[in-house]
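A quick write-up on the structure given underneath.
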Amino acid sequence: MDEAGRHVAEALSGYTARDAAEAADVARVRALVSDIADPWPRTIPLHVTASAVIVHPGSGRVLLRWHEHMRSWLHVGGHGDPGESDPLVVALREGAEETGLTDLTPWPDSSLVQVVVVSVPAKGDEPAHEHADLRYVLATDTPEAARAERPGAPLRWLLPEEARRTASEGNIREALARVETLLAP
């Protein structure tokens, strides 16, 4: 296992799945990391991605982003860039790129909030594949600074309950429910 796999294995080391489906996904990600040196390249059918639900703890709101390819409101995140191997670093970079927020920090700590394998439909020359998504929570103190990355990717600040109703993917609704628990006073 090289550095890329080691960072993923470290992120998973203390993580406990919350149900049987998530346990199966965690097992698949652990197997991926143990089977290949670098689990990040987009060229493999199942590859690691990192994402985050961005929160503003002061207002208890979460930020969703419209994802055109998936035709759904999602959290932020994506693929590692060449040379990146730490999933938290990837989530922080993707969060800043997709929202313009420059003050993002892990919240309430740097632990994973969810691990899920997500099917991604084919698009153009890219075949259908799966993301082994490692999910975090990031916080901002400047929600008003959020800016869409591009016109087709608007952002919305919502209370967690509203966000769950807005999200169409069950795994996203589950991530939002977990974040709502963290935000509860």
[X] versus [Y], closest heavy-atom pair with distance:
X	Y	value
L112	Y136	CD2-CZ, 3.3 Å
A146	L63	CB-CD2, 4.4 Å
A11	P87	CB-CG, 4.0 Å
L155	T99	CD1-CA, 4.0 Å
W73	I172	O-CG2, 4.4 Å
E68	G152	OE1-O, 4.2 Å

| H79 vs H129 aromatic rings, parallel, tilted or perpendicular, using cut-offs 30° and 60°? |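 Correct class here is tilted.
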| said: Given 3.5 Å as the limit, does a donor-acceptor pair link the side chain of E84 with the main chain of W40, or not? | reply: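 No, the answer is negative, given that no donor and acceptor are paired below the 3.5 Å cut-off.
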| field | R147 side-chain N/O to G100 backbone N/O, donor-acceptor pair under 3.5 Å | value |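 Absent.
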Are [X] and [Y] joined in one hydrophobic group, where the rule is that I, L, V, M, F, W and Y side chains link up if heavy atoms are under 4.5 Å apart?
X	Y	value
V53	V116	no
I44	V115	yes
V118	W66	no

Approximate separation, where rounding is to 0.5 Å, of [X] [atom1] and [Y] [atom2]:
X	Y	atom1	atom2	value
L134	H7	CG	NE2	13.0 Å
R30	L12	CZ	CG	5.5 Å
R28	E130	CZ	CD	4.0 Å
I36	L46	CD1	CG	8.0 Å
T140	W157	OG1	CH2	6.0 Å
R135	E174	CZ	CD	10.0 Å

Heavy-atom check, side chain of [X] versus side chain of [Y], under 4.5 Å:
X	Y	value
W107	L182	yes
L138	L88	yes
V76	E94	no
V48	V90	no
L176	P160	no

| query | With a 4.0 Å cut-off, would you call E162 and R156 a salt bridge? | reply |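 Answer for the salt bridge query: no.
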| task | Step by step, work out the side chain to side chain contact (heavy atoms under 4.5 Å, CB included) result for H75 and R65. | result | CA-CA 6 Å; H75 57 300; R65 176 186 183 271; over 6 Å; no
